[in-house]
2 protein chains.
Amino acid sequence: MELLVKEPKTKRGFETLNRICDSAKKLFFEKGYFNTSINDITDGANIAPGTFYIYFNDKLNLYKYLLLQFSYEIRKSISLATRDCKTRYEKEYNGLKTYLDFIKNNQTAYRIIWESQYVDAQSFRDYYENFAVRYSKGIVEAQKNNEVIDIDPMNISYVLMGISNFIGLKYVIFDNKDSYEDVVADVMKILENGLFIHK
Amino acid sequence: MELLVKEPKTKRGFETLNRICDSAKKLFFEKGYFNTSINDITDGANIAPGTFYIYFNDKLNLYKYLLLQFSYEIRKSISLATRDCKTRYEKEYNGLKTYLDFIKNNQTAYRIIWESQYVDAQSFRDYYENFAVRYSKGIVEAQKNNEVIDIDPMNISYVLMGISNFIGLKYVIFDNKDSYEDVVADVMKILENGLFIHK
DNA sequence: TAAAAACATGAAACACTATTCATGTGAATG
DNA sequence: CATTCACATGAATAGTGTTTCATGTTTTTA
């Protein structure tokens with residue numbers, strides 16, 4: 001597979017690459033991928049148009065590169081925040097809270113992930129299928145442990161991803177709410193009896 | 001507000017308008033809004049480029065017009081399918097099944113609704129907020145009736161919309177599954193104990 | 001410090017797209 | 001059947017965006 005980025009070799013190069021990425025994130029968030037031209041990006045990064053091509057073959061590669069970065073970051077955040085949780089319930093609780101905080105602080109990520117459905121359908125699919133497979137593994141463990149009801153773990157994964165995404169859509173993207181404690185509590189009330197088994 | 005479409009007066013006019021809409025639906029589904037030019041649309045409809053402007057002021061108006069149509073159709077389908085349901089549980093069951101069948105038969109609708117986030121953010125927001133408000137009203141009724149647990153009905157609405165959407169994403173868009181009986185059953189198992197009150 | 005490698009420039013070539021409009025055709029009306 | 005209205009055409013215009021490349025500058029290497 002073609003490399004997404006042409007890695008710089010010097011400090012100056014890394015700084016320019018960062019400026020390109022920062023400019024792109026800002027513009028993709030504000031105007032979307034298709035309404036952002038390479039000229040817009042280079043203007044925002046204070047570089048000449050041609051400089052863009054030192055680092056990326058085209059706009060699509062830059063986009064895929066950012067998507068991949070976000071997908072790492074988001075998984076890492078959740079993984080760190082739920083590492084020490086004793087129960088699956090606790091894992092879901094912290095996972096949802098962390099997800100909402102992440103997209104509050106990285107609204108670009110939310111937009112870029114969903115827009116990928118139209119920019120690069122395969123990346124979009126990879127992103128969610130990948131996420132779901134990892135999710136399912138955790139669910140299977142919890143089921144073995146008799147913490148979670150015995151239905152198809154893939155169904156559970158997509159149900160939980162759907163809830164997170166739409167709660168995020170409403171309270172982060174639409175309403176830009178400050179805190180999500182109460183919302184998370186409501187969601188967990190549903191899951192408490194619907195998904196989890198009380199020993 | 002500006003009219004979305006310039007209504008034709010004759011049979012011939014309606015036929016041309018339909019050809020434009022059909023061509024656009026097909027192309028928006030295959031390539032997305034931004035990768036579809038007006039020339040692509042008129043080519044697909046077997047008309048000259050200029051003819052497009054007899055019916056629409058620009059591509060955006062055509063898009064909004066299609067979005068509005070789908071939003072009516074999807075609501076009508078669900079409303080018809082759940083009209084005679086006795087319980088809220090039954091309503092949710094049939095609603096989910098109908099939604100999945102609808103987007104299976106109108107995959108363009110799913111794509112167009114989500115893409116609106118990037119084409120016309122206000123329309124996207126209107127679509128979901130509107131849907132959620134109507135949904136909430138039904139939930140409030142069910143809560144009065146002691147069928148559904150007492151948490152914020154807006155939270156319940158977004159949870160349920162999130163589930164439908166992501167189950168649809170997985171089994172309609174990704175997997176193109178034939179039938180959704182088993183998936184719907186799994187989802188209802190979660191809701192049965194999580195959302196509904198057993199009398 | 002000389003040579004090489006990395007990085008940066010921006011004008012120019014090329015491709016594509018939206019939109020207009022003068023002209024023309026088909027259908028309905030009185 | 002002549003007039004009018006609705007609809008259709010497609011060449012031309014104007015604008016935008018991508019990408020290349022010859023040239024120049026900075027940094028690293030030997």
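Each chain gets a letter, A, B and so on, in the order its sequence line appears, and its residues count up from 1.
- For I54(B), the listed nucleotide lying nearest its side chain is dA8(D); candidates were dT18(D), dA8(D), dT19(C).
- Residue N39(B) has its side chain nearest to dA18(C) when only dA18(C), dT18(D), dT19(D) are considered.
- Side-chain N/O atoms of D126(A) and Q122(A) include a donor and acceptor closer than 3.5 Å.
- Of the candidate nucleotides dG10(D), dA27(C), dC7(C), dC7(C) has the atom lying nearest to any side-chain atom of P8(A).
- Put simply, the residue from K26(B), K59(B), K31(B) that forms a salt bridge (Lys or Arg N to Asp or Glu O under 4.0 Å) with D40(B) is K31(B).
- Among the nucleotides dT19(D), dT9(C), dC7(C), the one closest to any side-chain atom of R12(A) is dC7(C).
- Using a 4.0 Å heavy-atom cutoff across all strands shown, T51(A) reaches at least one base atom of the nucleic acid.
- In this structure, of dT9(C), dT19(C), dC7(C), it is dC7(C) that holds the atom nearest to the side chain of T16(A).
- Closest to the side chain of Y53(A), from the set dT19(D), dC7(C), dG10(D), is dT19(D).
- Distances from the side chain of K9(A) to the nucleotides dC7(C), dT18(D), dA27(C) place dC7(C) closest.
- With no hydrogens or angles considered, no side-chain donor-acceptor pair links N176(B) and Y171(B) at under 3.5 Å.
- Using a 4.0 Å heavy-atom criterion, one finds that F14(B) contacts no nucleic acid atom at all.
- The side chain of S37(A) places no N or O atom within less than 4.0 Å of a non-bridging phosphate oxygen (OP1 or OP2) of dT16(D).
- In this structure, F34(B) reaches neither bases nor backbone, as no heavy-atom distance under 4.0 Å exists between it and the strands shown.
- End-to-end axis angle for the helix from dT1(C)-dA30(D) to dG30(C)-dC1(D), using five pairs per end and rounding to 10°, comes out at 10°.
- There is a side-chain donor-acceptor pair under 3.5 Å between S157(B) and S136(B).
- Considering only side-chain atoms of I47(A), the nucleotide from dT9(C), dA18(C), dT19(D) that sits closest is dT9(C).
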